> 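Let me give you the structure first, and then I'll get to my questions.
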2 protein chains.
Amino acid sequence: MSTDKAIEKADATARETAKEKVNTHDRIIEAAIKLFSEKGFNGTTTKEIAETAEVNEALIFRHFSTKRDLYGAIIEKKISEEPGIELSLEAHRDSKDDRLVFTAIASRMFEKCGRDPSFMRLLHFSALEGHDLSDMFFDTYVEYINMLISDYIDTRIKDGEFKKLNPLYSSKAFIGMVVNQIIVQELFGEKKKNKTDYKELTETFVEIFLEGIKSGKP
Amino acid sequence: MSTDKAIEKADATARETAKEKVNTHDRIIEAAIKLFSEKGFNGTTTKEIAETAEVNEALIFRHFSTKRDLYGAIIEKKISEEPGIELSLEAHRDSKDDRLVFTAIASRMFEKCGRDPSFMRLLHFSALEGHDLSDMFFDTYVEYINMLISDYIDTRIKDGEFKKLNPLYSSKAFIGMVVNQIIVQELFGEKKKNKTDYKELTETFVEIFLEGIKSGKP
DNA sequence: AGGCTGTAAGTAATTACTTACTTACAAATT
DNA sequence: AATTTGTAAGTAAGTAATTACTTACAGCCT
């Protein structure tokens, strides 16, 4: 009985702590991600972060010695936890079903960025504001993805299926279509009447790209 | 003589004013364009602007009642003075030489943004930071260009030369390739060893796009 | 007792913006 | 021609608010 009660109480406390307070550290990070991605580094104040996280402002500086430190921590976190695009490529690479491969890549990118726009916004803010980690951000995503895809394209050229175009530039063509749509959507808020049909858009992109790059011997 | 001298003197004064001081108004705007495009609205201080323009800080507020007013003024200036892409389309539209048309569009965009990166950066900062004029920026460029190109594509579909794909989505495909390259180059500073060959890149983009969109009846 | 978590109050610096005043110069008036 | 007036350009000094960051202290848990 008494043990039961004790456990109940402990549970309740734990639940409270977990619900209302969670981890102070995490709540700060969560709030910071929200605000930095919405308004950038210079547009966000530590007071605001504290209010959003419902945490005393001084606590921020116990967890992160500097506002810039906190910003860096966020970027590193985002870099580490994003699963990346490689899965959708690897999943279908061996099938050599090009339409499947490129459709999967585009779908994945649209879906991921639609679900978490903060990532794209953080990436852009860090680049514009010239944060130190911006380069790592860039290398991890832009260059890495281009490398993966241009490798795949290279393979397909050697298979005789794709034209002998520069694989990197070809990769840039496809990634550009997808990424620019994401940017227009998430950064510029292309809302208005234009309710984009992402299924049709993806099909159009893949159709144009594949028909444009495949070698002309049926 | 005396009138000559007076004129000379007036001229000299005018020249001095025009050379060393130019127009105070213009010097402020010039400095603001530089700084806002480099560091964004929140990252730029009025003191800095004054120092860069070599003008007393108080003068900024005689010309623009508010820092935000100044920001709005430079965005409006940039919107009004950019010549736009339509010229390169109209110049070749009637030729119906698709390769010429799309090569001209891409070349023009690369060249324009390479010559004045501040435009792209301002556009992105204003979008991210949510400036009021960001929408106008967007409508004037992104939507307008997409409209022009999708109109052209529509024509070519009716000519039986292009596939019956959604013209807007097809336009987005081509613009996406080009714009994303510009962004990667100018915002993320893709410098490193990747010295992009813009001639080859443009050819690759146009080749993929045109072969991808043209109807398959030779 | 001592090490966490939390907080209220404060600090020095910086911010956008103002004030009160001077100078320069041309048009209007005498 | 000389003097007044009007107007814009310029400046040094200041303001009130906000900024990132600190300190000193209080409870709490083991």
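In this text, all values refer to a predicted model and were calculated from it rather than measured experimentally. Just so it is clear: chains get the letters A, B, ... in the order the sequence lines come, proteins before strands, and each one is counted from 1.
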> Mind checking what makes ring-ring contact (aromatic ring centres under 6.0 Å, His included) contact with A:Phe125, not counting sequence neighbours?
none

> Do B:Gln185 and B:Phe110 touch side chain to side chain, with heavy atoms closer than 4.5 Å?
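Of all side-chain heavy-atom pairs linking B:Phe110 with B:Gln185, none is under 4.5 Å.
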
> Donor-acceptor pairs under 3.5 Å, side chain of residues 65-77 of chain B to any protein atom, not counting sequence neighbours: which ones?
from: B:Ser65; atom 1: OG; to: B:Asp69; atom 2: OD2; distance (Å): 3.1
from: B:Lys67; atom 1: NZ; to: B:Phe41; atom 2: O; distance (Å): 2.9
from: B:Lys67; atom 1: NZ; to: B:Thr44; atom 2: O; distance (Å): 2.8

> Centroid separation under 6.0 Å, is that true for the rings of B:Phe119 and B:Tyr141?
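Yes, they do, as the ring centres are separated by less than 6.0 Å.
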
> Atom CZ of A:Arg27 and atom P of C:dT5: how far apart are they, to the nearest Å?
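From A:Arg27 CZ to C:dT5 P: 14 Å.
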
> What's the NE2-P distance between A:His25 and C:dG6, to the nearest Å?
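Those two atoms, NE2 and P, are 13 Å apart.
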
> In whole Å, I'd like the distance from the CZ atom of B:Phe61 to the P atom of D:dA16.
17 Å

> Do B:Met109 and B:Ser88 touch side chain to side chain, with heavy atoms closer than 4.5 Å?
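Contact flag for B:Met109/B:Ser88 side chains = no.
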
> Relative to each other, are the rings of B:Phe209 and B:Phe174 parallel, tilted or perpendicular (30° and 60° limits)?
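Tilted: the ring planes of B:Phe209 and B:Phe174 meet at 30° to 60°.
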
> Could you work out how much the helix from C:dA1-D:dT30 to C:dT30-D:dA1 bends, comparing the axis of its first five pairs with that of its last five, to 10°?
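So the angle between the two local helix axes works out to 10°.
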
> What pairs with A:Glu186 under salt bridge (charged side-chain N to carboxylate O under 4.0 Å, His left out), at least two apart in sequence or on another chain?
none

> Considering residues at least two apart in sequence or located in another chain, which fulfil the ring-ring contact (aromatic ring centres under 6.0 Å, His included) criterion with A:Tyr144?
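Applying ring-ring contact (aromatic ring centres under 6.0 Å, His included) to A:Tyr144 gives none.
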
> In whole Å, what is the span from the CD atom of A:Glu57 to the P atom of D:dT22?
11 Å

> Between protein and nucleotides 25-30 of chain D, map the contacts as a letter string: B base, S sugar-phosphate only, - none, heavy atoms under 4.0 Å, written 5' to 3'.
------

> Give the residues of residues 37-51 of chain B touching DNA chain C, defined as any heavy atom closer than 4.0 Å, sorted by residue number.
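Only B:Thr44, B:Thr45, B:Thr46 qualify.
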
> Go through residues 64-72 of chain A and report each residue with a non-hydrogen atom lying under 4.0 Å from DNA chain C, sorted by number.
none

> To the nearest angstrom, how far is A:His63 atom NE2 from D:dC21 atom P?
16 Å

> Pairs in or reaching into residues 32-44 of chain B: which pass salt bridge (Lys or Arg N to Asp or Glu O under 4.0 Å), with residues at least two apart or in two chains?
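Counting only pairs at least two positions apart or across chains, the salt bridge (Lys or Arg N to Asp or Glu O under 4.0 Å) contacts touching residues 32-44 of chain B are B:Lys34-B:Glu38, B:Lys39-B:Glu48.
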
> May I have the distance from B:Leu59 (atom CG) to C:dT19 (atom C1'), rounded to whole angstrom?
14 Å

> Could you please name the option among D:dT11, C:dA16, D:dT23 that lies closest to any side-chain atom of A:Ala58?
D:dT23

> Rounding to a whole Å, what distance do you find between A:Asn56:CG and D:dC21:P?
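After rounding, the gap between these two atoms is 15 Å.
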
> Starting from the C-alpha separation in whole Å, work towards a yes-or-no answer on side-chain contact (heavy atoms from CB on, under 4.5 Å) for B:Arg27 and B:Leu59.
CA-CA 11 Å; B:Arg27 308 184 65 209; B:Leu59 282 181; over 6 Å; no

> Holding to salt bridge (charged side-chain N to carboxylate O under 4.0 Å, His left out), I want the full list of residues that pass it with B:Arg62, two or more places apart in sequence or in another chain.
none

> Output the rounded distance in Å from CD (A:Glu54) to C1' (C:dG6).
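The answer, rounded to whole Å, is 15 Å.
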
> Going by salt bridge (charged side-chain N to carboxylate O under 4.0 Å, His left out), name the residues that satisfy it together with B:Asp132, two or more places apart in sequence or in a different chain.
none

> Could you tell me whether the side chain of A:Ile208 reaches within less than 4.5 Å of the side chain of B:Ser170, counting heavy atoms only?
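Counting from C-beta outward, B:Ser170 and A:Ile208 do come under 4.5 Å.
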
> Name all residues meeting the salt bridge (charged side-chain N to carboxylate O under 4.0 Å, His left out) criterion together with B:Glu51; count only those two or more places apart in sequence or in a different chain, and write none if there are none.
none

